[in-house]
**Student:** 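This is the structure I want to talk about, given as structure tokens.
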Amino acid sequence: MTTPVSAQPAEDADGETPDSPHRPPVGAPSAWWVLIAGVIGLVASMTLTVEKIDILLNPSYVPSCNINPILSCGSVMVTPQASVLGFPNPLLGLVGFAVVVVTGVLAVAKVSLPQWYWVGLTAGVLAGSVFVHWLIFQSLYRIGALCPYCMVVWVVTISLLVVVASIAFRPALRTGPLQLLYQWRWSIAALWFTAVFLLIMARFWDYWSTLL
């Protein structure tokens, strides 16, 4: 007579086993993405900060991200929108992404962080996402130029919002009426990226068409 084998809880999309008392605080894919996205955002913010300092020291300095008349960091950095709070915007990124990097390191190390911390981080990333959308509007319809490093920050911020919000609100997102939103979260993010890409193509089509 064989002893029945008890069913093991299946892992979810983040590599977690919801019913296991020894599950990691955050699934490995989510933890690694928080760390990787934080590092990418921090590097982009540091690069923008250095470029801004170089421009302040030498007004004739040409930033490394000046690629063409449209993809031109220099055209963006000298505008009032680049220093909304009276200091260069990348300084906000240095602080914000430093917090994200530390969080990612703790998450990868399987250090359990309280839910209120993840909720607070989600609120911070959400505020950053609102700021990103304002910058997108300003870049497209007021400044008329795009900063490549800033665009990296746009992508990283939105993807971080998806991941961090999924961690902070996973009980409600996975079992409640918001479950559908959770299941389609990356599809929604992909639609956002596509919409921004189409807006960029439409806004600067007169220039893009000359490259064809």
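Quick caveat: nothing in here was measured; it's all calculated off a predicted structure. Both backbone and side-chain heavy atoms feed into the values below; hydrogens, waters and symmetry mates do not.
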**Student:** Holding to ring pair (Phe, Tyr, Trp, His ring centres under 6.0 Å), I want the full list of residues that pass it with Trp192, two or more places apart in sequence or in another chain.
**Tutor:**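 For Trp192 the ring pair (Phe, Tyr, Trp, His ring centres under 6.0 Å) partners, ignoring immediate neighbours, are His133.
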
**Student:** Does one hydrophobic cluster hold both Ile67 and Leu146, with members joined at side-chain heavy-atom distances below 4.5 Å?
**Tutor:**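 The answer is yes; both residues are in one hydrophobic cluster.
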
**Student:** Consider only side-chain heavy atoms of I, L, V, M, F, W and Y, link residues closer than 4.5 Å, and tell whether Met46 and Tyr149 are in one cluster.
**Tutor:**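 As far as the 4.5 Å side-chain criterion goes, Tyr149 and Met46 are not connected within one cluster.
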
**Student:** Name all residues meeting the side chain to side chain donor-acceptor pair (under 3.5 Å) criterion together with Ser139; count only those two or more places apart in sequence or in a different chain, and write none if there are none.
**Tutor:** none

**Student:** Heavy atoms only: give me the nearest Thr79-Val76 pair and the separation to one decimal.
**Tutor:** OG1-O, 2.6 Å

**Student:** Looking at Val152 and Ala44, what are the two nearest heavy atoms and their distance?
**Tutor:** CG1-CB, 4.3 Å

**Student:** Restricting to side-chain contact (heavy atoms from CB on, under 4.5 Å), what partner residues turn up for Trp116, sequence neighbours left out?
**Tutor:**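 Partners of Trp116 under the side-chain contact (heavy atoms from CB on, under 4.5 Å) test: Pro114.
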
**Student:** Testing the basics here: between Phe204 and Ala145, what is the closest heavy-atom pair and its distance to 0.1 Å?
**Tutor:**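 Closest approach of Phe204 to Ala145, heavy atoms only: CZ-N, 4.0 Å.
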
**Student:** Transitively linked via ILVMFWY side-chain contacts under 4.5 Å: Ile70 with Val78?
**Tutor:** no

**Student:** Should Val50 and Ile53 be regarded as members of a common hydrophobic cluster, given that ILVMFWY residues are connected when their side-chain heavy atoms come within less than 4.5 Å of each other, either directly or indirectly?
**Tutor:** no

**Student:** Would you name the heavy atoms of Ile55 and Gly74 that are closest together and state the gap between them?
**Tutor:**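 For Ile55 versus Gly74, the nearest heavy atoms are CD1-CA, 4.4 Å.
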
**Student:** Do any side-chain atoms of residues 88-105 form donor-acceptor pairs under 3.5 angstrom with protein atoms, and if so which ones, sequence neighbours left out?
**Tutor:**
from: Asn89; atom 1: OD1; to: Val84; atom 2: N; distance (Å): 3.2
from: Asn89; atom 1: ND2; to: Gln81; atom 2: O; distance (Å): 2.7
from: Asn89; atom 1: ND2; to: Ala82; atom 2: O; distance (Å): 3.3
from: Thr103; atom 1: OG1; to: Val99; atom 2: O; distance (Å): 2.8
from: Thr103; atom 1: OG1; to: Tyr117; atom 2: OH; distance (Å): 2.4

**Student:** Go through Glu51 and Cys73 one step at a time and tell me if the side-chain contact (heavy atoms from CB on, under 4.5 Å) criterion holds.
**Tutor:** CA-CA 9 Å; Glu51 297 280 16; Cys73 290; over 6 Å; no

**Student:** For Val62, check side-chain contact (heavy atoms from CB on, under 4.5 Å) against everything at least two apart and list the hits.
**Tutor:** Asn66

**Student:** Got a sec, which pairs hit side chain to side chain donor-acceptor pair (under 3.5 Å) with one end in residues 123-132, sequence neighbours left out?
**Tutor:**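 For residues 123-132, and leaving out neighbouring residues, there are no side chain to side chain donor-acceptor pair (under 3.5 Å) pairs at all.
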
**Student:** Sequence neighbours excluded, which residues qualify as side-chain contact (heavy atoms from CB on, under 4.5 Å) partners of Val132?
**Tutor:** Ile136, Trp154, Thr157

**Student:** Give the cluster check for Leu199 versus Phe131: same hydrophobic cluster or not, with ILVMFWY residues linked at side-chain heavy-atom distances below 4.5 Å.
**Tutor:**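 Yes.
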
**Student:** Determine yes or no for a side-chain-to-main-chain donor-acceptor pair under 3.5 angstrom, with Ser159 supplying the side chain and Val156 the backbone.
**Tutor:**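 Yes: the side chain of Ser159 pairs with the backbone of Val156.
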
**Student:** Can you name the closest pair of heavy atoms from Gly144 and Arg203 and give their distance?
**Tutor:**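 Looks like CA-NH2, 4.1 Å.
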
**Student:** Under 3.5 Å, side chain of Gln138 to main-chain N/O of Ile143, donor-acceptor pair present?
**Tutor:** no

**Student:** If you compare all heavy atoms of Val26 against all heavy atoms of Ala31, which two are closest, and at what distance to 0.1 Å?
**Tutor:**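 It is CG1-N, 3.8 Å.
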
**Student:** How would you list, by chain and number, every residue that makes a ring pair (Phe, Tyr, Trp, His ring centres under 6.0 Å) with Phe137, sequence neighbours excluded?
**Tutor:**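 Phe137: ring pair (Phe, Tyr, Trp, His ring centres under 6.0 Å) contacts with Tyr141.
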
**Student:** Quick one: which of Leu135, Val196, Ile200 gives a side chain to side chain contact (heavy atoms under 4.5 Å, CB included) with Met151?
**Tutor:** Ile200

**Student:** Restricting to disulfide bond (SG atoms under 2.5 Å apart), what partner residues turn up for Cys150, sequence neighbours left out?
**Tutor:**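 With sequence neighbours excluded, Cys150 shows a disulfide bond (SG atoms under 2.5 Å apart) to no residue whatsoever.
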
**Student:** Could you list the residues that satisfy side-chain contact (heavy atoms from CB on, under 4.5 Å) with Leu211, not counting sequence neighbours?
**Tutor:** Tyr207, Trp208

**Student:** Tell me, please, which residues at least two apart from Asn58 pass side chain to side chain donor-acceptor pair (under 3.5 Å).
**Tutor:** Ser60

**Student:** My understanding is that only residues two or more places apart in sequence, or in another chain, count here; which of them pass ring pair (Phe, Tyr, Trp, His ring centres under 6.0 Å) with Phe197?
**Tutor:** none

